[in-house]
2 protein chains.
Amino acid sequence: MNLTAEAPVTAAEKTFFDLRQDIVEGVIVAGSKLSEAELSTKYEVSRAVVREAISRLETCHLVERKANVGARVVDLTPEGLIELYQVRESLEGMAARLAATNMSEPEIEELNQLLATHFKTVQSGETYYQEAGDVDFHYRIILGSKNNHLISILYDGIYHLIRMYRVQLGMAGPRVTTAFDEHKNIVKAISDRDPELAEMLMRRHIQYTKNNLQSKLES
Amino acid sequence: MNLTAEAPVTAAEKTFFDLRQDIVEGVIVAGSKLSEAELSTKYEVSRAVVREAISRLETCHLVERKANVGARVVDLTPEGLIELYQVRESLEGMAARLAATNMSEPEIEELNQLLATHFKTVQSGETYYQEAGDVDFHYRIILGSKNNHLISILYDGIYHLIRMYRVQLGMAGPRVTTAFDEHKNIVKAISDRDPELAEMLMRRHIQYTKNNLQSKLES
DNA sequence: TAGGTCTATATTGTCGACAATCTGGCCGAT
DNA sequence: ATCGGCCAGATTGTCGACAATATAGACCTA
């Protein structure tokens, strides 16, 4: 997710990005312990920057920390997934509602163009869509809400966890095209400046996504 | 807000609590810069623990940090208040809805008892209610949602900001008794296991609170 | 005088060492 | 044999010093 396109300016930030990626992609196994000394040698930085990186991971809810004990990567449970998606549904539903009011016409135009690009990608059968494409779509709508708190909670707070579930459960399959249609309808509602419909469609879209993930988690 | 009743186990945690309180209560002025060296001498700890404390304050959205520049206390703007309460309305509305389903009968009973206690406090005319009492009320409902992500976002994330607005704008006045009635109706909806009504009443309650705060901010 | 560069200073970022605390295993008592 | 306390090792928390970066002001130039 280099959508924010922010280059790490400090060593702690770079270590944070590296660690986050390794956790999201499962290189560091869910539930495993994060030893400061170990990571310090692995990423070739001092323990202080590892501590700072871990501290930021805690903000993303990717790790949990106990005083004088240490940090562990969160483990993925069905209950956690349900809780996460309850919150996501509410927040992104609000984002879609606000976006229908607050997005500028040029931004909406860009959103439509993004959709057109995705359409070609889907037709060509690439799996790329579900990962970066989907994230990009949701990202723009969240930004379109123009609510900085909302943006922060979603992107600094829970989005990496959502990615973690998706990546580790392996996203692909028949939902790709139907998800695209759902995206299309959401964009149409936003283009029509219909906040209530935009929220409802977004909430359903996320519910479908949750159900899809749940079925994979239970299998 | 010692509802969580968690004693600081480490120096960084204690410094975090102290700093947070000073910021929320306005002892440290909104918008002011947080100098690590200065705070280090003031709280009599090393710069490392000050840095950790500031890092945690960033998670609460109480301070903003820029690399190689430093941290500043957030400043309170009308726009920020609106954004904050949009998010709060959505999240606490969800909390009330979930609480109506997930709270146990004993927990609901305790909630009713809390309300009875508040009634006496309101009658006696103490201002205590609006601060700790109100926070306690909302806290229990949030916990009653049984959704750990939601609980974390609200309590580790935005509740201290809400307190900051309330404390610094000076809460008291004629809304005390009407707010109590709103609380009473919310508890009734939860007792009746009526999720939709509970959510609607909570959302309205928070809207009223926002309007009340806004009028103070504009004056 | 306006604009830009350069330097001095202050502040933040990073490091390695030491202190405090937890964990797991050993030993003894009942 | 089981339970509890206790010791050793390892891990996290804290500290002060050093390095890297930004900021403000002086100085120079056009």
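A quick note: this is a predicted structure, and the numbers were derived from the prediction, not measured. Numbers restart at 1 for each chain; the letters A, B, ... are given by sequence-line order, proteins then strands.
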A:Arg166/A:Asp134 salt bridge by N-O under 4.0 Å criterion: yes
Is there a side-chain contact between B:Phe17 and B:Arg20 (heavy atoms, below 4.5 Å)? yes
So, taking the atom named CG in B:Leu111 and the one named CD1 in B:Ile141, what distance separates them when rounded to the nearest 0.5 Å? 5.5 Å
Results of side chain to side chain contact (heavy atoms under 4.5 Å, CB included) for B:Lys33 - residues two or more places apart only: B:Arg72
Looking at B:Gln207, I want to see if its CD is surrounded by more than 12 non-hydrogen atoms of other residues, nucleotides or ligands under 6.0 Å. yes
Distance-only donor-acceptor pairs under 3.5 Å for side chains of residues 38-45 of chain A, two or more places apart:
residue	atom	partner	partner atom	Å
A:Ser40	OG	A:Val45	O	2.6
A:Thr41	OG1	A:Glu38	O	2.7
A:Tyr43	OH	A:Asp22	OD2	2.6

Can you tell me which residue pairs pass the salt bridge (Lys or Arg N to Asp or Glu O under 4.0 Å) test with a partner in residues 137-155 of chain B, sequence neighbours excluded? B:Glu107-B:Lys146, B:Glu110-B:Arg140, B:Asp136-B:Arg140
At a heavy-atom distance below 4.0 Å, which nucleotide of DNA chain C is the first touched by chain B, and which is the last? C:dT11 to C:dT14
Are the aromatic ring centres of A:His138 and A:His183 under 6.0 angstrom apart? yes
Would you call B:Glu105 and B:Arg193 a salt bridge, using N to O less than 4.0 angstrom? yes
Could you pull out the protein-nucleic contacts involving nucleotides 21-23 of chain D (nitrogen or oxygen on both sides, under 3.5 Å)?
none

Can you list, in residue-number order, the parts of residues 44-59 of chain B that come under 4.0 Å of DNA chain C, counting heavy atoms only? B:Arg47, B:Arg51
CA sep, side-chain torsions, deciding dist, call: B:Arg51, A:Glu52, salt bridge (charged side-chain N to carboxylate O under 4.0 Å, His left out): CA-CA 9 Å; B:Arg51 282 175 68 81; A:Glu52 166 129 8; 3.5 Å; yes
